[in-house]
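Here the structure comes first, spelled out in structure tokens, and everything after it is commentary.
Every chain is numbered from 1, with letters handed out A, B, ... down the list of sequences.
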Amino acid sequence: MSTETFVVNPVRLRLRMVRDHAMVGLCVLALAAAVVPLVWILWDVMAIGAANLSWAFLTELPGPPTVGGGGWANAIVGSAVVVGMAMLMGVPVGVGAGIYMSEYGDNVLGRATRFLSEVLAGIPSIVAGVVAYGLIVVTMGRFSAMSGAVALAILFIPVVAITTQEALRLIPRDQREASFALGMAEAPTTLRVVLPAAMGNVLTGVMIATARIAGETAPLLFTAFNNRFWMEGLDQPTATIPVNIYAYAISPFPEWHDQAWAGAFVLLAIVLVSNVIARTLWARRARFMRGE
Amino acid sequence: MVEPDLRRVPGPPVEAGGAAGPGRAAGRSGVARPESGRAAAASPWAAPLSPRTETLSPLAGPLSPRRGGHRPPAPFRLRDRLVQRWFRYATGLVAALVVAVTLIVAHQLWVGSQSTWQEWGLSFLTRTEWNPVRGEFGALPFIAGTLLTSLMALAMAVPVSLGIAILLSEYAPRFVRDPLIFIVELLAAIPSVVLGLWGIFVLAPLMQSRILPAIAASPLGWLPIFGEPGPGYNLFTASVILAIMVLPIIASLSREVLLAVPLDQKEAALALGSTRWEAVQHVVLAYGRSGIFSAAILGLARALGETMAVTMTIGNRVALTFDYFEPGYSMTAIIANELREAATELHVSALVAVGLVLFCLSFVLNAAARLLVLRLGR
């Protein structure tokens, strides 16, 4: 019997090693291609935005164009009101649907909800605006803060439903069984054992979804519309930060461009800070749940 | 001590000698006797998927996909029973509300666009004229603009995000990996309007003065999709902004796909003497192909629906063009620009019809991506 010997061709091996390293280099390059724009955008918004940010910007009504001065106080309040109303509508529905999907969802309704909330989470945000426009703006005959809130709620509900479901699924089955073993029924188990244990992550999901809708512009363009003054009621049009950024950015006035950057700074600060907090907490809890 | 019959799970019956085969556990346990409970437990079919799903409770099927997959005995007190039923129905009602919202969205888009479908039928999608004053509407320039920008964005974003995903799942040590994942996710959180603002004031001028002339002068300039460099607001600028937006989504989804590749397959490739890259290329990427494909589809769905950043950089000119250096229009941009001021009923319905097309496209793409992932087998 002859024994075959396996000969390594040193040149070829060398080449393969070089290729291995070259590929890692390419991957690092890809990462740089993602990080560079991020840093660039953040830097521009922070530098230009902070330079134009002032106390008046946060507390005063908009000034006339070409003069400069004035602020976006009405837009800041308007954003808070519209997002707040969307949350009032969206949190109970989203969390409730998430509980159903996680705890009772092994049936037709559960599967339908799961599928459709993923579909709904994937629709373009402007489509939600078109729907709210048709349902409310056309019916009422005018733009209103309420219609903007409905549009945002359509985007908010599926995200919260999905994250709530994920949060509840992180709770180990042992805890539910321990509760059953002590004689607790299903509903009290969900309400007093599972939900409190998952509450942190449920809130995190709500926070991430809120950050998402706070930055949404497209659905508000033709629902909440815009307003140069304080909002006069929920059935009246209102300014919001994202719509203002858009309106000021495409205006022909350089002073307004500066204010658009300042507005972008405020919006980005709100969105990024809440995202960072939420994701850090989620990661920590998820690690804790896995017992690391 | 657990009786073996309590742990019975669906799956092929376990025969003697670890005939069930493809598991390491069966091989390691040596000669297994068919009667012994230990042998059954050591067989890969009886082994629980993870420590969490292993349970001693006879109430729970170990592989039941359902967390509450077991009905606790009904409570004796009437009040508890009522609470239980009430809670179940209440959450069920709310879940039904989510279903209803989706149906309302679809219904509203369908009803609101009726006039357009009655006027032109499906030829609305292939007509190129859009003139609100004369009441002529056709969606083709917008559909083309959306598809061109999204596909170009995908062409730029997929290789980059795949590189990031490979780096993060295969190469990066943990202390670099976690912060990097965080940074990539941060990129996804930047609101679209802020990117659009940056596009208007930073990227578009740079495109006009530097990047477009550079591309036109380079070998890429010979491609028929690039014409004469012109103003900074064009399909190409919009594609670049879109690429920045969909990159983090595709990267994080495909990272999850790559993480799901079984370790032993990678180890087998390495044991055969392949370099790390060869293992990635022949095992990891081959295994994750359909998952990566579905990540790209989800990225495409996201790019199609992106509004503000595109509206602010695409140039907003109604024209059917295949030249990336010319200004164009997208489906989202036309809705964003005109729905506010649409005066005639036909104009509104044409815009809603464009919205319906968007809805259908994103529905189909999302469903397709999901089906692909399901086929991958979780």
Checklist outcome for this item: chain B shares the most heavy-atom pairs under 4.5 Å, among A:Thr189, A:Leu26, A:Val93, with A:Val93
Checklist entry - Side chain, backbone, both or neither: which part of B:Ile335 has a heavy atom under 4.5 Å from chain A? => result both
Item to check | Part of B:Leu186 lying under 4.5 Å from any heavy atom of chain A | outcome: both
Item to check | Nearest-0.5 Å distance that lies between atom CD1 in A:Ile123 and atom CG in B:Leu361 | outcome: 13.5 Å
Item to check | Closest heavy-atom pair and its distance - A:Val127, B:Gly355 | outcome: CG2-O, 3.7 Å
Checklist entry - Parallel, tilted or perpendicular: which describes the rings of A:His257 and B:Phe201, with under 30° parallel and over 60° perpendicular? => result tilted
Item to check | Heavy-atom contact with chain A under 4.5 Å, split by part of B:Val348 | outcome: side chain
Item to check | Inter-residue atom distance A:Arg279.CZ - B:Ile181.CD1, 0.5 Å rounding | outcome: 11.5 Å
Item to check | Contacting moiety of B:Leu97, where chain A heavy atoms sit under 4.5 Å | outcome: side chain
Checklist entry - Side chains of B:Thr275 and A:Met17: closer than 4.5 Å at any heavy-atom pair? => result yes
Checklist entry - In Å, rounded to the nearest 0.5 Å, how long is the span from CZ of B:Arg276 to NE2 of A:His21? => result 9.0 Å
Next on the checklist: Report which part of B:Ser362 has an atom under 4.5 Å of a heavy atom belonging to chain A: side chain, backbone, both, or neither.
Outcome noted: side chain
Item to check | Heavy-atom pair count under 4.5 Å with chain B, highest-scoring of A:Gly215, A:Ala249, A:Ala264 | outcome: A:Ala249
Item to check | Heavy-atom pair count under 4.5 Å with chain B, highest-scoring of A:Ala260, A:Gly122, A:Gly129 | outcome: A:Gly122
Checklist entry - Looking at CZ of B:Arg340 and OH of A:Tyr133, how far apart are the two atoms once the value is rounded to the nearest 0.5 Å? => result 11.0 Å
Item to check | Heavy-atom pair count under 4.5 Å with chain B, highest-scoring of A:Leu191, A:Val35, A:Ile250 | outcome: A:Leu191
Item to check | Contacting moiety of B:Leu168, where chain A heavy atoms sit under 4.5 Å | outcome: neither
Item to check | Side chain / backbone / both / neither for B:Leu356 at chain A, heavy atoms under 4.5 Å | outcome: neither
Item to check | Contacting region of B:Ala336 [heavy-atom separation from chain A under 4.5 Å] | outcome: both
Item to check | CD1 on A:Ile208 to CD on B:Glu185, rounded to 0.5 Å | outcome: 8.0 Å
Checklist entry - Any idea how B:Phe363 and A:Phe115 line up, ring-wise: parallel (<30°), tilted (30 to 60°), or perpendicular (>60°)? => result perpendicular
Checklist entry - Do B:Phe87 and A:Glu186 come close enough that some side-chain heavy atom pair is under 4.5 Å? => result no
Checklist entry - Does some side-chain heavy atom of B:Ile190 sit less than 4.5 Å from a side-chain heavy atom of A:Leu38? => result yes
Checklist entry - Given side chains that start at C-beta, do those of B:Glu278 and A:Arg19 come closer than 4.5 Å, heavy atoms only? => result yes
Checklist entry - Do B:Leu93 and A:Tyr100 have side chains that get closer than 4.5 Å, going by heavy atoms? => result no
Item to check | Pairwise side-chain contact, A:Val130 with B:Phe359, heavy-atom cut-off 4.5 Å (strictly under) | outcome: no
Checklist entry - Is chain A contacted by the side chain of B:Val202, its backbone, both, or neither, given a heavy-atom distance below 4.5 Å? => result side chain
Checklist outcome for this item: So, the part of B:Thr311 with a heavy atom under 4.5 Å from chain A: the answer is side chain
Checklist entry - If you look at every heavy atom in A:Ala34 and B:Leu187, which pair is closest and at what distance? => result O-CD2, 3.7 Å
Next on the checklist: Measuring from atom CH2 of B:Trp198 to atom CD1 of A:Ile41, what distance do you get when rounded to the nearest 0.5 angstrom?
Outcome noted: 4.5 Å
Item to check | Student check: side-chain heavy atoms of B:Ile104 and A:Leu135 closer than 4.5 Å | outcome: yes
Next on the checklist: Counting heavy-atom pairs closer than 4.5 Å to chain A, which one of B:Leu180, B:Leu197, B:Val101 comes out on top?
Outcome noted: B:Leu197
Next on the checklist: Tell me which of these, B:Val193, B:Val160, B:Thr307, B:Leu351, has more heavy-atom pairs under 4.5 Å with chain A than the rest.
Outcome noted: B:Val193
Next on the checklist: Does any backbone or side-chain atom of B:Asn337 lie under 4.5 Å from a heavy atom of chain A? Answer side chain, backbone, both or neither.
Outcome noted: side chain
Item to check | Derivation of the side chain to side chain contact (heavy atoms under 4.5 Å, CB included) call for B:Met331 and A:Ile126 | outcome: CA-CA 10 Å; B:Met331 289 195 269; A:Ile126 196 163; over 6 Å; no
Item to check | Structural part of B:Glu306 lying under 4.5 Å from a heavy atom of chain A | outcome: neither
Checklist entry - Taking every heavy-atom pair that is under 4.5 Å apart, which of A:Val24, A:Val45, A:Ile157 has the most such pairs with chain B? => result A:Val24
Checklist entry - Can you name the closest pair of heavy atoms from A:Pro92 and B:Val94 and give their distance? => result O-CG1, 4.0 Å
